[in-house]
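Written below as structure tokens is the structure these notes are about.
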Amino acid sequence: MTEESASLNFIEQIIADDLEAGLSKDKLRFRFPPEPNGYLHIGHAASICLNFGLGEKYNAPVNLRFDDTNPAKEEQEYVDAIKKDIQWLGFKWAEECYSSDYFQQLYDWAIQLIKEGKAYVDGQSADAMAEQKGTPTTSGVPGPFRDTTVQENLDLFERMKAGEFEQGSYVLRAKIDLSSPNMLMRDPILYRVVKKSHHRTGNDWCIYPMYDWTHGESDYIEQISHSLCTLEFKMHRELYDWFLDQIIDPTKLRPIQREFARRNLSYTVMSKRKLLELVQSKTVSGWDDPRMPTISGLRRRGYTPESIRNFSDLSGISKRDSVTDVSLLEYCIREDLNKTATRVMAVLDPVKLIITNYPEGKIEILSAENNPEDPNSGTHEVPFSRELFIEREDFKEEAGSKFFRLTLGNEVRLKSAYIIKGESVIKDDAGNITEIHCTADLDSRSGSGTEASTRKVKGTLHWVSIQHAIKAEVREYDRLFLDEAPDSHEDKNFMDFVNPDSLKVIKEAYLEPFLQLATLDDKFQFQRLGYFTLDRDSTSDQMVFNKTVGLRDSWAKQKPAPTPQNNQPAKQQNQGGAQPQGQRSAINEIQKIAKKYTNLSGDKLAAARADILKLAEDVNYEELEPLFGTAAKKVGTRIGVMIALGVLLNKGQERNSEIDSFIKIGLEDENEQLVEEAKKVDNKL
RNA sequence: UGGUCCAUGGUGUAACUGGCAACACGUCUGAUUUUGGUUCAGAAGAGUCCAGGUUCGAGCCCUGGUGGACCAACCA
């Protein structure tokens, strides 16, 4: 890893500034704080890589902290899975912490707040409290419990803790500001009653602290210098700071919270709730279904830790909502696997190929390169015989010159073996090809050193010897959703976009026998097909392979209608830019062209002018007039407007004083082009 | 409607205290190739949401718009 100091992301910039301002480098400390209520996904990977990456960069400790303050949702299973995923990604945490470790401290601080009159027990219903909180535009009103005495509050809180009250009956609230524009400051809840066993503290507690009360204080306890979280917590910062203010010892480090945008991936969903829904509805087989964007799903799919870390690096960190295209993720895994995956041959959709001039019963053991990218990777043996399987797609009786594969009368090479020529086919009654007969150039065996062995033929096919092949199941995956951003549609549920064909199971694929030795972590490239890995569903008599990702396929692009219609550009309306790209209005288009008008010359200039003339047909005066006021220095725009104005006048637009003065200013401008256009327009009348 | 944040090629990010917009993916050529993979060489594609302003000079600063995200859970 070459550490580039050239450009820092904004978080690194903040840290650099803090260091500059006097923060000692050995005070730096970070944390990754998941709630153990689900599995980690690729979005978390961004946060993990950010925090642990910072730790590596500054040689600072990074804690793993389970934010386990809600026993209703959290489970040990998730704790274990999260730890496994982080380790798998290759990161080591300094300390394994739990918010629940701080329950007593948090409780003591709460008592302190009550004593200082900054917190009170509220016995209103949730609805009543919401009501009383007001709305963003109207301020809240004090509830009946707000001015209870300290003594009474102490007593009530004690009884809450003792389990005297039912769930939902009483809460502890901070007394802050009921008219704050930030709703979170309108007396937020610190504690609620939850009568549920906690995965770590069991039944020790029946009151549990809320996120806001817990998070900042936990950061403080652990002396985290930079508490990084996603954008939706931005509003919480004010409260985070308020809580810290109440308990902080000024001689100790004060954590700061900073927010970055969460990472979204196209064609999938990323919230735990939605992933859970996919699992519970059995749309997928589980959290680690290879189609899931979870770390465990990606792992099972065949992704490597390196590829995911690299993906995080390439994606970057910023404060804007965005959707990263899956193609970047796919690039990352291909790049990694290309260098490391062992090359093998497998036929997924077999058709029988008989080499008629090859002796029956003869078997040759050929040698195949393990990885052409790695000269030290060696070779492995692959048996060859008279009867082979090749991919059905790799043969056509006749085809155009762009088809580099086997046809009748054409030669191709069988990878690592012989050059063959298609001779004839045998079909069944329905007309399906059942056998392809061919002849081999028996001098052309790969690596034999003969002249024929180095002959160039256009195509190379993968194959497998029928009598030696092992049968296996292969699972191919497509994107889980048909829409680029399935959860960005207000009117539709994300489940409506589930791709019904995201899983394709091939029950009988044929693999070269070398694959018998495959183990769970091995990565293979099935040559010409893609990268595959053994699935944990494999048994001793049935291997199961997952397709991680296909090879880049520039041939598929040439085919007429290769994929169904799932690559329709389903442009969504929410992201980024102001105007939807496809449907710029004519006037906007003109402005765009005109902007660089003065930089153009010759043909380009003429073309630009013609474009403007054409676009102007669709512009009405109301759209154009505001542009008369365009700044004098923006000559291009004014020229464009002038040209468009000419068109409008031609179409019968009445001249008025606005138009007159616009033309007059144009005539007097120092830019010749503008003067020219102004003259043309002026002379039209 | 109140508040906060954001806005740079198709996508994701850069551009240090203002100096004629860079990188990666994707796309398209061509070469090499016993994987239509890889590798190599090259190309197209934005004038930085809009409009004013400050400045010799603005993606960076100011003003006003527009668009989007987030906030009113006893979730985190």
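Here is how names work: the chains are called A, B, and so on, in the same order as the sequence lines, proteins then strands, and each is numbered from 1.
In summary, the aromatic rings of A:Y208 and A:Y191 are positioned with their centroids too far apart to meet the 6.0 Å limit. Ring centroid separation for the pair A:F157 and A:Y120 does not come in under the 6.0 Å cut-off. Aromatic rings from A:F384 and A:Y418 are positioned such that their centres are separated by under 6.0 Å.
For the pair A:K396 and A:F403, the cation-pi test (distance below 6.0 Å, angle within 45°) is passed.
Between the P atoms of B:C61 and B:G67, the separation comes to 22 Å (whole Å). As rounded to the nearest Å, B:A22 and B:G42 have P atoms that lie 16 Å from one another. Nucleotides B:U38 and B:U27, compared at atom P, are 10 Å apart to the nearest Å. Nucleotides B:A7 and B:C60 have their C1' atoms positioned 13 Å apart, rounded to a whole Å. Remark: the separation of the P atoms in B:C20 and B:A58 is 12 Å, to the nearest Å. Across B:U29 and B:G12, the matching C1' atoms stand 25 Å from one another, rounded to whole Å. For the P atoms, the distance from B:A44 to B:U32 is 23 Å, rounded to whole Å. Distance check on atom P: B:G9 versus B:A51 gives 16 Å, rounded to whole Å.
Contact annotation: A:S322 side-chain N/O to B:U11 OP1/OP2 distance is not under 4.0 Å. Note on A:K319: every side-chain N or O is 4.0 Å or more away from OP1 and OP2 of B:A69. Neither OP1 nor OP2 of B:U4 sits under 4.0 Å from any side-chain N or O of A:R237. Residue A:R192 has a polar side-chain atom (N or O) positioned under 4.0 Å from OP1 or OP2 of B:C75.
The ring pair (Phe, Tyr, Trp, His ring centres under 6.0 Å) check on A:H236 picks up A:Y211, A:F233, with sequence neighbours excluded. Applying the salt bridge (Lys or Arg N to Asp or Glu O under 4.0 Å) test to A:R159 and every residue at least two apart in sequence or in another chain returns A:D155, A:E164. Looking at residues two or more places apart in sequence or on another chain, you find a salt bridge (Lys or Arg N to Asp or Glu O under 4.0 Å) between A:E166 and A:K195. For the ring pair (Phe, Tyr, Trp, His ring centres under 6.0 Å) test, no residue two or more places apart in sequence or in another chain qualifies with A:Y102. With sequence neighbours excluded, no residue satisfies ring pair (Phe, Tyr, Trp, His ring centres under 6.0 Å) with A:F524. With sequence neighbours excluded, no residue satisfies salt bridge (Lys or Arg N to Asp or Glu O under 4.0 Å) with A:R258. For A:D212, there are no salt bridge (Lys or Arg N to Asp or Glu O under 4.0 Å) partners at least two apart in sequence or on another chain. Residues passing the ring pair (Phe, Tyr, Trp, His ring centres under 6.0 Å) test with A:F404, sequence neighbours excluded: none.
The A:P372 side chain lies nearest to B:G37 when the options are B:A15, B:C74, B:G37. The listed nucleotides are B:U27, B:A76, B:G36; the one nearest the side chain of A:N70 is B:A76. Distance from the side chain of A:R343 is smallest to B:U35 among B:G36, B:A76, B:U35. Nearest to the side chain of A:K557, among B:A76, B:A14, B:C28, sits B:C28. Here the nucleotide nearest the side chain of A:D325, chosen from B:U11, B:G36, B:A76, is B:U11.
Across the protein-nucleic acid pair, A:K274 atom NZ and B:C75 atom P stand 20 Å apart, rounded to whole Å. If you measure from atom CG of A:D212 to atom P of B:C74, you get 11 Å, rounded to the nearest angstrom. In this structure, A:K196 places its NZ atom 15 Å from C1' of B:C74, rounding to the nearest Å. B:A14 atom C1' lies 13 Å from atom CD of A:Q13, rounded to whole Å. Rounding to whole angstrom units, CD of residue A:E330 and P of B:G37 are separated by 16 Å. In this structure, A:H462 places its NE2 atom 13 Å from P of B:U35, rounding to the nearest Å. At whole-Å resolution of the value, CD1 in A:I82 and P in B:A76 are 15 Å apart. Going from atom CZ of A:R413 over to atom P of B:U35 covers 10 Å, rounded to whole Å.
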N/O-N/O pairs, protein side and nucleotides 17-25 of chain B side, under 3.5 Å:
none

Pairs under 3.5 angstrom, nitrogen or oxygen only, protein versus nucleotides 70-73 of chain B, please.
none

Using a cut-off of under 3.5 Å, enumerate the N/O to N/O pairs linking the protein to nucleotides 38-41 of chain B.
unit_1	atom_1	unit_2	atom_2	d
B:U38	OP1	A:R552	NH1	3.4
B:U38	OP2	A:R552	NH1	3.1
B:U38	O2'	A:N338	ND2	3.3
B:U38	O2'	A:E373	OE1	2.9
B:U38	O2'	A:E373	OE2	3.3

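Among the heavy atoms of the strands lying under 4.0 Å from A:F403 is at least one base atom, whether or not backbone atoms are also near. Among the protein residues, A:T138 comes within range of no part of the nucleic acid, since none of its heavy atoms lies under 4.0 Å from any strand. Nucleic acid contact for A:K402: base, since at least one base atom lies under 4.0 Å from a heavy atom of the residue. Across all strands shown, A:E259 has no heavy atoms under 4.0 Å from either base or sugar-phosphate atoms. Contacts of A:G447 with the nucleic acid, taken as non-hydrogen atoms under 4.0 Å apart, include base atoms.
In this pair, A:F103 and A:W205 present their aromatic rings perpendicular. The plane angle is above 60°, beyond the 30 to 60° band.
For A:W555 and B:G36, the ring-to-base geometry satisfies the stacking test (centroid distance below 5.5 Å, interplanar angle below 30°).
No hydrogens or angles were tested; on distance alone, nothing pairs the side chain of A:E369 with the base of B:U34 as donor and acceptor under 3.5 Å. Within 3.5 Å, no donor on the side chain of A:S315 pairs with an acceptor on the base of B:U13, nor the reverse.
One finds a salt bridge joining A:D219 and A:R65 here, because a Lys/Arg side-chain nitrogen approaches an Asp/Glu carboxylate oxygen to under 4.0 Å. A salt bridge is absent between A:K272 and A:E35; no separation between the charged side-chain nitrogens and carboxylate oxygens falls under 4.0 Å.
The line from CD1 of A:I317 to CZ of A:R263 is 6.5 Å long, rounded to the nearest 0.5 Å.
Residues A:I317 and A:K456 both approach RNA chain B. Their nearest nucleotides, taken by heavy-atom distance, put A:I317 toward the 5′ side. Remark on RNA chain B: of its neighbouring residues A:S125 and A:S453, the 5'-side contact belongs to A:S453, judged by nearest-heavy-atom nucleotide.
Counting only Watson-Crick or G-U wobble pairs whose defining distances are both under 3.5 Å, the stems of 3 or more consecutive pairs in RNA chain B are B:2-7 with B:66-71, B:10-13 with B:22-25, B:27-31 with B:39-43, B:49-53 with B:61-65.
A:S179 and A:D177 form a side-chain donor-acceptor contact under 3.5 Å, judged by distance and modelled atom types alone.
Looking only at distances, no side-chain donor or acceptor of A:D122 sits under 3.5 Å from a matching main-chain atom of A:F145.
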